Number of protein chains: 2
Amino acid sequence: MQVRMKNRKDQIITLALELLQTRGFDSFSYQDLSRELGITKASIHHHFPKKVDLGVALCESIKRWHDREYAKARAIDGGALDKMNYYINTALRTVCGIDKICPLSSLHADMATLPEEMIRVMKKLDVEELEFMAELLQEGRDSGEFNFKGSIEAQAVLCVMIYKGALQYSRIHGDQIYIDAMQQLNILLRGEQEAQGKSARSA
Amino acid sequence: MQVRMKNRKDQIITLALELLQTRGFDSFSYQDLSRELGITKASIHHHFPKKVDLGVALCESIKRWHDREYAKARAIDGGALDKMNYYINTALRTVCGIDKICPLSSLHADMATLPEEMIRVMKKLDVEELEFMAELLQEGRDSGEFNFKGSIEAQAVLCVMIYKGALQYSRIHGDQIYIDAMQQLNILLRGEQEAQGKSARSA
DNA sequence: GTCTATAAATGGATAGAC
DNA sequence: GTCTATCCATTTATAGAC
């Protein structure tokens, strides 16, 4: 599956990220990593002495992923909806596959048991994601592509909750619920306009 | 805090539910329960031999809570929005307080590690919640109180994702994000109408 | 960087006395 | 229904050899 090309540290992070998204930070162990990588627990401890070290590395990895995907989305040749679509339905959807949730959602759920260091980064990642959404919403509203009511900030909050929730629910109830949620989000953003034809039907 | 009036079994369930909402099913132990209740682990095992037994009891408790609150909401003397408001902003918001998430959201996050028995009930609870939302949305649309676009089912999915997400985010980022999300949900449901005055401003 | 070995603590669980 | 005592597996973590 994975073309053994990265160094061990990156291999561990890649696998740990996957386990974070499927089981949660508390619910995967050094033993899980050791088994799947074919090295001992002690070796993992060599790269990440304490689990919190691994946790912080995971947060940093998520941060890099975010920055990379925000940049790719911004570079999309198209409107705000195209950019948002790329981020949600290509970028996020791809790292989640059929059985994983957004890594940030996973951290949210484990909040009460996470070390303080991880909480701080997690909060920052949340804020950055909301700012990115707000940026796209502003762009879409300015261009006339979007027609939602209410403040940009409140709408950004709504968007994030919807697509993260859709990923969580689709893991349990299958693809259709994700499709439903995304289609409804589309309608919601476009406001008065039609979903497909963009043909304004002003009463 | 808790007026020692219920039997042990109920005391355990009450506390376990709280721990489920704060830490997640995998991340609280018989030891946690034992410590806070002042009885030994062995005593807890007497009431719930295996943890899955406790888990199933928790699911059943959530189910009873749901049925009770759905009934109370339906009995509200008012429109669909009042009923929805009761369920979300009174019932759910109260059991979550400032530091807890919706118990069903907690189970969602732990999905990969939960025993099959719990998954089955969890799915059923999800479906029932979506049906309840759909019922309120239908009522509101019929009465003209709501003006959202798209199918009832898709909109129900959206609502659930929004209020559950709002509870998760507010635990991390404080009340304001919850208020923002709820206000935006309100606007979204009323559609063309104004949020407060209900004065139709049909262009 | 990886291993063996091992420690110390925790978690789920059971047996049997009171 | 609650306790003491105990078991076994797992988890995080460290020491030290190769």
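Nothing here was measured: the structure is a model prediction, and the numbers come from that model.
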Run the salt bridge (Lys or Arg N to Asp or Glu O under 4.0 Å) test against [X] and tell me which residues pass, sequence neighbours left out.
X: B:Asp82; value: none
X: A:Lys72; value: A:Glu69
X: A:Asp99; value: none
X: A:Lys50; value: none

Atom pair distance, as rounded to whole Å: [atom1] in [X] and [atom2] in [N]:
X: A:Phe48; N: C:dT2; atom1: CZ; atom2: C1'; value: 15 Å
X: B:Leu37; N: D:dC3; atom1: CG; atom2: C1'; value: 15 Å
X: B:Lys51; N: C:dT10; atom1: NZ; atom2: P; value: 16 Å

[N] OP1/OP2 closer than 4.0 Å to side-chain N/O of [X]:
X: A:Ser43; N: C:dC3; value: yes
X: A:His46; N: C:dT2; value: no
X: A:Thr40; N: C:dT2; value: no
X: A:His47; N: C:dT2; value: yes

Quiz item: What's the spacing between A:Cys159 SG and A:Leu189 CG if we round to 0.5 Å?
Solution: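 Atom-to-atom, A:Cys159:SG and A:Leu189:CG are 5.0 Å apart.
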Quiz item: Which residue pairs pass the ring pair (Phe, Tyr, Trp, His ring centres under 6.0 Å) test with at least one member in residues 56-76 of chain A, sequence neighbours excluded?
Solution: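 Qualifying pairs: A:His66-A:Tyr70, A:Tyr70-A:Tyr87, A:Tyr70-A:Phe132.
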Practice problem: Please work out which residues in residues 25-33 of chain B have a non-hydrogen atom less than 4.0 Å from an atom of DNA chain C and list them by number. | Solution: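 Here the set is B:Phe28, B:Ser29, B:Tyr30, B:Gln31.
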Practice problem: Take the C1' atoms of the five end pairs on each side of the helix from C:dG1-D:dC18 to C:dC18-D:dG1, get both axes, and report the angle to 10 degrees. | Solution: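 Axis angle across the helix from C:dG1-D:dC18 to C:dC18-D:dG1, nearest 10°: 10°.
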Quiz item: What pairs with A:Asp175 under side chain to side chain contact (heavy atoms under 4.5 Å, CB included), at least two apart in sequence or on another chain?
Solution: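 Listed in chain order: A:Arg93, A:Ile179.
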Exercise. Applying side chain to side chain contact (heavy atoms under 4.5 Å, CB included), name anything that partners A:Thr40, two or more places apart in sequence or on another chain.
Key: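 Residues passing side chain to side chain contact (heavy atoms under 4.5 Å, CB included) with A:Thr40: A:Ala42, A:Ser43.
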Exercise. Using the side chain to side chain donor-acceptor pair (under 3.5 Å) rule, collect all pairs that involve residues 154-166 of chain A, keeping only residues at least two apart or in two chains.
Key: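 Non-adjacent pairs meeting side chain to side chain donor-acceptor pair (under 3.5 Å): A:Glu129-A:Tyr163, A:Glu129-A:Lys164, A:Gln155-B:Gln184.
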Could you list the donor-acceptor pairs under 3.5 angstrom formed by side chains in residues 116-126 of chain B, with sequence neighbours left out?
unit_1   : atom_1 : unit_2   : atom_2 : d
B:Asp126 : OD1    : B:His108 : NE2    : 2.9
B:Asp126 : OD2    : A:His173 : NE2    : 2.7
B:Asp126 : OD2    : B:His108 : NE2    : 2.9

Could you run down the sub-3.5 Å N/O contacts of the protein with nucleotides 14-18 of chain D?
unit_1 : atom_1 : unit_2  : atom_2 : d
D:dT14 : OP1    : A:Lys50 : NZ     : 2.8

Quiz item: For DNA chain D, whose closest nucleotide is more 5', that of A:Arg35 or that of B:Ile39?
Solution: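 Nearest nucleotide further toward 5': that of B:Ile39.
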Self-check item: Note: A:Asp32-A:Arg35 ion pair, threshold 4.0 Å (strictly below)
Solution: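 Looking at A:Asp32 and A:Arg35, the cut-off is met.
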